Amino acid sequence: MDGVTVFSREFFEPSVDEAYRRYFLELEQMTRCGGFDILAHFDVPARLGALLPGGYDSRRYEDVIRPVLRNCIKRGIALDVNTAALRGRANVLTPGRDIPRWYTELGGERVTLGSDAHHPAQVGMHLAEALAAIRDAGLRFLTFFERRQPRLTPLPT
């Protein structure tokens, strides 16, 4: 954002709270426009921000996160639950458990899974934790897209 990667300490200046708010406001604008099917890396700054003083707690940003989720629902954009950061130092699921729960409360039902594998051994890593978070949020389906058309499939048991 503004020429600064969300994976740098510079992104979090002058304050961590301001950085997260800017990020979520940018997502709100992006999802308001739409034109894409899946919102991946919902709270990706948490990969570094969770390690900074004050950490990361999505509940502090609920007021700017919920409008993003409303836009996703309105535009048919699926929420991606990604396990990549569980492999890193931050050890977090992105988004964390609160965001899928809020998404469900608002009427959302489209969710995808990602592991951002960069090596064959990482394919599908931690998907059991992601599925548990999705179930706990009250979601019942996984969404797959073919030629931009969504297909909802019941969660595996």
Side-chain angles (χ1 to χ4, degrees), residues 1-8 10-12 18-50 56-88 90 92-119 122-127 129-156:
M1 287 180 51
D2 299 322
V4 177
T5 177
V6 298
F7 299 113
S8 73
E10 182 183 357
F11 174 78
F12 293 95
E18 184 179 317
Y20 279 116
R21 288 194 174 280
R22 279 191 343 258
Y23 180 79
F24 292 126
L25 289 171
E26 184 77 16
L27 285 187
E28 193 282 325
Q29 289 178 15
M30 186 176 78
T31 54
R32 192 175 341 129
C33 294
F36 56 96
D37 300 316
I38 301 168
L39 179 58
H41 304 299
F42 192 99
D43 53 2
V44 74
R47 289 184 185 182
L48 176 59
Y56 169 69
D57 182 348
S58 59
R59 293 172 295 186
R60 290 195 311 246
Y61 312 103
E62 184 175 357
D63 63 317
V64 289
I65 289 173
R66 282 187 179 261
V68 177
L69 298 173
R70 282 188 199 97
N71 289 345
C72 287
I73 294 164
K74 181 178 178 180
R75 300 262 185 253
I77 300 168
L79 179 66
D80 184 61
V81 176
N82 195 287
T83 65
L86 287 171
R87 295 191 307 264
V92 294
L93 185 66
T94 57
R97 289 179 174 262
D98 289 325
I99 293 170
R101 184 174 44 80
W102 298 334
Y103 178 68
T104 305
E105 288 171 5
L106 293 168
E109 61 181 10
R110 292 182 181 180
V111 65
T112 63
L113 291 177
S115 58
D116 282 2
H118 292 259
H119 303 287
Q122 296 173 339
V123 173
M125 237 179 161
H126 302 291
L127 287 185
E129 290 113 305
L131 283 168
I134 290 168
R135 279 191 195 92
D136 291 349
L139 291 155
R140 300 175 301 145
F141 303 96
L142 288 177
T143 306
F144 299 88
F145 288 88
E146 186 173 327
R147 296 183 180 177
R148 299 202 67 199
Q149 296 305 307
R151 181 173 45 94
L152 276 64
T153 303
L155 285 175

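Owing to the predicted nature of the structure, the values given are computational and were not obtained by experimental measurement.
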Is L142 close to V111 at the side-chain level, that is, under 4.5 Å between some pair of heavy atoms? yes
In Å, rounded to the nearest 0.5 Å, how long is the span from CG of L155 to CZ of R135? 5.5 Å
Checking E129 now: which residues fulfil side-chain hydrogen bond (donor to acceptor under 3.5 Å, both in side chains) with it, not counting sequence neighbours? H126
List in chain and number order the residues that pass side-chain hydrogen bond (donor to acceptor under 3.5 Å, both in side chains) with Y56, two or more places apart in sequence or in another chain; answer none if no residue qualifies. D43
Would a 4.5 Å heavy-atom cut-off, applied to side chains only, mark N82 and T94 as touching? yes
Without swapping roles, check the side chain of D2 against the backbone of V4 for a donor-acceptor pair under 3.5 Å. no
Output every pair passing salt bridge (charged side-chain N to carboxylate O under 4.0 Å, His left out) with a member in residues 141-153, not counting sequence neighbours, ordered by first then second residue. D37-R148
To the closest 0.5 Å, what do you measure between CD1 (I99) and CD1 (I65)? 4.0 Å
Once side-chain hydrogen bond (donor to acceptor under 3.5 Å, both in side chains) is applied, do any residues pair with S115, and if so which ones, sequence neighbours excluded? none
Partner set under salt bridge (charged side-chain N to carboxylate O under 4.0 Å, His left out) for R66, not counting sequence neighbours: E62, E105
Applied to residues 25-35, the side-chain hydrogen bond (donor to acceptor under 3.5 Å, both in side chains) test, sequence neighbours excluded, yields E28-R32, E28-N71, T31-N71
Taking side chain to side chain contact (heavy atoms under 4.5 Å, CB included) as the definition, give me every residue that meets it alongside T143, ordered by chain and number, with sequence neighbours left out. R110, T112, F145, P150, L152
CA sep, side-chain torsions, deciding dist, call: C72, L79, side chain to side chain contact (heavy atoms under 4.5 Å, CB included): CA-CA 8 Å; C72 287; L79 179 66; 5.7 Å; no
Residues passing the salt bridge (charged side-chain N to carboxylate O under 4.0 Å, His left out) test with R140, sequence neighbours excluded, are none
So, using salt bridge (charged side-chain N to carboxylate O under 4.0 Å, His left out) as the criterion, who are the partners of R60 when residues are at least two apart? D17
Using a cut-off of 6.0 Å, state whether more than 12 heavy atoms not belonging to Q122 lie near its atom CD. yes
Using side-chain contact (heavy atoms from CB on, under 4.5 Å) as the criterion, point out the one residue from L27, D80, L69 that pairs with L39. L27
Go through the structure and list residues passing ring pair (Phe, Tyr, Trp, His ring centres under 6.0 Å) with F12, not counting sequence neighbours. Y20
With sequence neighbours left out, write down each residue that passes side chain to side chain contact (heavy atoms under 4.5 Å, CB included) with I73, or none if nothing qualifies. Y103, L106
My understanding is that only residues two or more places apart in sequence, or in another chain, count here; which of them pass side-chain hydrogen bond (donor to acceptor under 3.5 Å, both in side chains) with D63? R21
